[in-house]
2 protein chains.
Amino acid sequence: MLCGVPVRPQPPESLPDDAADDAFRSDCPARVVLDHVTSRWGVLVLTGLATGPLRFHELRTKIEGISEKMLSQTLRTLVRDGLVERAVEPSSPPRVSYSLTPLGEGLTQPLQHLFIWIRDHARLVSAAQERHDARSEGQPG
Amino acid sequence: MLCGVPVRPQPPESLPDDAADDAFRSDCPARVVLDHVTSRWGVLVLTGLATGPLRFHELRTKIEGISEKMLSQTLRTLVRDGLVERAVEPSSPPRVSYSLTPLGEGLTQPLQHLFIWIRDHARLVSAAQERHDARSEGQPG
DNA sequence: TATAGGGGCTTACTTTTAGTAAGAAGCGAT
DNA sequence: ATCGCTTCTTACTAAAAGTAAGCCCCTATA
């Protein structure tokens with residue numbers, strides 16, 4: 001009964017917003033999953049695989065800026081989490097390809113919404129940053 | 001014309017999936033936004049504010065495990081990004097409360113979907129981890 | 001006047017995590 | 001026998017996060 005989650009009886013006195021609760025607790029499985037998914041490269045790897053299986057170096061190329069070490073490490077974590085599957089084709093040299101599991105596929109839907117939002121609003125955020133920086137320079141402190 | 005995005009001509013030979021592209025490039029504004037949003041505490045802060053404004057220590061209490069330093073730092077980043085607003089009530093002592101801007105509110109919708117998915121599937125992930133660890137122990141090397 | 005305490009931070013220091021560069025295993029081709 | 005390709009590791013260094021303490025402004029208490 002990890003951190004009270006498994007049979008959480010939904011206490012009626014709390015949570016006007018039912019949805020976004022679990023991951024706020026530091027000792028919950030949900031927090032661990034959130035940490036893995038939103039790790040430095042987790043979102044990119046998961047979303048990178050959303051359109052189909054990719055080999056190690058294909059992923060590395062697609063995700064600009066990731067190092068082999070971090071790609072390897074992130075993939076290992078996600079494989080362990082059951083979100084990504086690692087398949088070794090017994091050729092020579094053996095080709096390793098990664099794909100989403102059915103579980104992982106469910107996750108990429110919210111992640112793609114996030115991606116789309118970010119793509120569509122990134123420039124608004126940049127503009128806000130510039131406004132903020134301009135204001136801050138004017139106000140010495 | 002930052003990193004070719006503004007008037008990206010959509011080369012037809014790539015991207016069968018139009019949507020999830022931008023943040024894959026390391027020099028794009030979208031990548032910066034993704035980094036801020038999915039920073040260690042970004043998702044939790046943003047989602048924590050989704051149900052309404054909160055004061056500094058209220059947020060700190062809601063988000064188990066965050067330190068004051070990281071809360072302060074994360075909030076500063078998100079305020080600069082125009083996703084969160086910082087309001088100082090001129091009382092004595094002054095109360096500082098944080099809330100989502102309209103821009104930030106748009107972002108919390110995808111994030112809440114992510115939260116819900118994680119809450120609903122965290123145990124499946126934990127189970128996958130246990131299976132994986134059991135298998136790995138059996139296979140030395 | 002001294003003192004304690006709350007709220008919202010910041011600073012100095014330590015630990016963890018990520019980045020960089022190089023190398024190793026396994027094989028086939030030259 | 002050496003080269004190179006692919007998928008990872010392994011050292012080492014740099015950056016980010018964690019920890020603990022303190023600061024500033026105010027208010028209440030004695």
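Per chain, numbering begins at 1; letters A, B, ... match sequence-line order. In this text, all values refer to a predicted model and were calculated from it rather than measured experimentally. Below, each value reflects all heavy atoms present in this structure, side chains not excepted, and no hydrogens, waters or symmetry copies.
Legend: residues meeting salt bridge (Lys or Arg N to Asp or Glu O under 4.0 Å) with B:Glu64, ordered by chain and number and at least two apart, are A:Arg25. Applying the ring-ring contact (aromatic ring centres under 6.0 Å, His included) rule to B:Trp117 yields the partners B:His121; only residues at least two apart in sequence or on another chain are considered. B:Glu130 meets the side chain to side chain contact (heavy atoms under 4.5 Å, CB included) test with no other residue; sequence neighbours excluded. Partners of A:Ala128 by side chain to side chain contact (heavy atoms under 4.5 Å, CB included), not counting sequence neighbours, listed by chain and number: A:Arg131. Taking A:Arg86 as the reference, A:Tyr98 meet the side-chain hydrogen bond (donor to acceptor under 3.5 Å, both in side chains) condition, with sequence neighbours excluded.
Straight-line distance from the CZ atom of B:Phe56 to the C1' atom of C:dG8: 6 Å, rounded to whole Å. With rounding to whole Å, B:Glu58 atom CD is found 13 Å from C:dG8 atom C1'. In this entry the distance linking CG of B:Leu75 with P of C:dG7 reads 17 Å, nearest Å. With rounding to whole Å, A:Ile63 atom CD1 is found 12 Å from C:dG19 atom P. Here the P atom of nucleotide C:dA18 and the CG atom of A:Leu71 are 13 Å apart, to the nearest Å. Regarding B:Leu54, its CG atom lies at a distance of 14 Å from the P atom of C:dG7, rounded to whole Å. If you measure from atom CG of B:Asp35 to atom C1' of C:dT17, you get 15 Å, rounded to the nearest angstrom.
Under the side chain to side chain donor-acceptor pair (under 3.5 Å) criterion, no residue pair touches residues 100-110 of chain B, with sequence neighbours excluded. Legend: side chain to side chain donor-acceptor pair (under 3.5 Å) pairs involving residues 31-43 of chain A, not counting sequence neighbours, sorted by first then second residue: A:Asp35-B:Arg40, A:His36-A:Asp81, A:Arg40-B:Asp35.
For the pair A:Val33/A:Leu107, no side-chain contact is recorded, criterion being any heavy-atom separation below 4.5 Å from C-beta on.
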Protein-nucleotides 25-30 of chain C N/O pairs closer than 3.5 Å?
unit_1, atom_1, unit_2, atom_2, d
C:dC27, O3', A:Ser92, OG, 2.8

Could you run down the sub-3.5 Å N/O contacts of the protein with nucleotides 15-21 of chain D?
unit_1, atom_1, unit_2, atom_2, d
D:dG18, OP1, B:Arg40, NH1, 2.6
D:dG18, OP2, B:Trp41, NE1, 2.9
D:dG18, N7, B:Lys69, NZ, 3.0
D:dG18, O6, B:Lys69, NZ, 2.5

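A distance of 6.0 Å separates CG of B:Leu78 from CG of B:Leu83, quoted to the nearest 0.5 Å.
A:Ser72 has a side-chain polar atom (N or O) that falls below the 4.0 Å cut-off from OP1 or OP2 of D:dT9. For B:Arg55 and C:dG7, the shortest distance from a side-chain N or O to OP1 or OP2 is not below 4.0 Å. In terms of phosphate contacts, B:Arg95 brings no side-chain nitrogen or oxygen within less than 4.0 Å of OP1 or OP2 of C:dG7.
Counting non-hydrogen atoms under 4.0 angstrom, A:Arg76 reaches the backbone sugars and phosphates but no base. No contact: A:Arg60 has no heavy atom under 4.0 Å from any strand.
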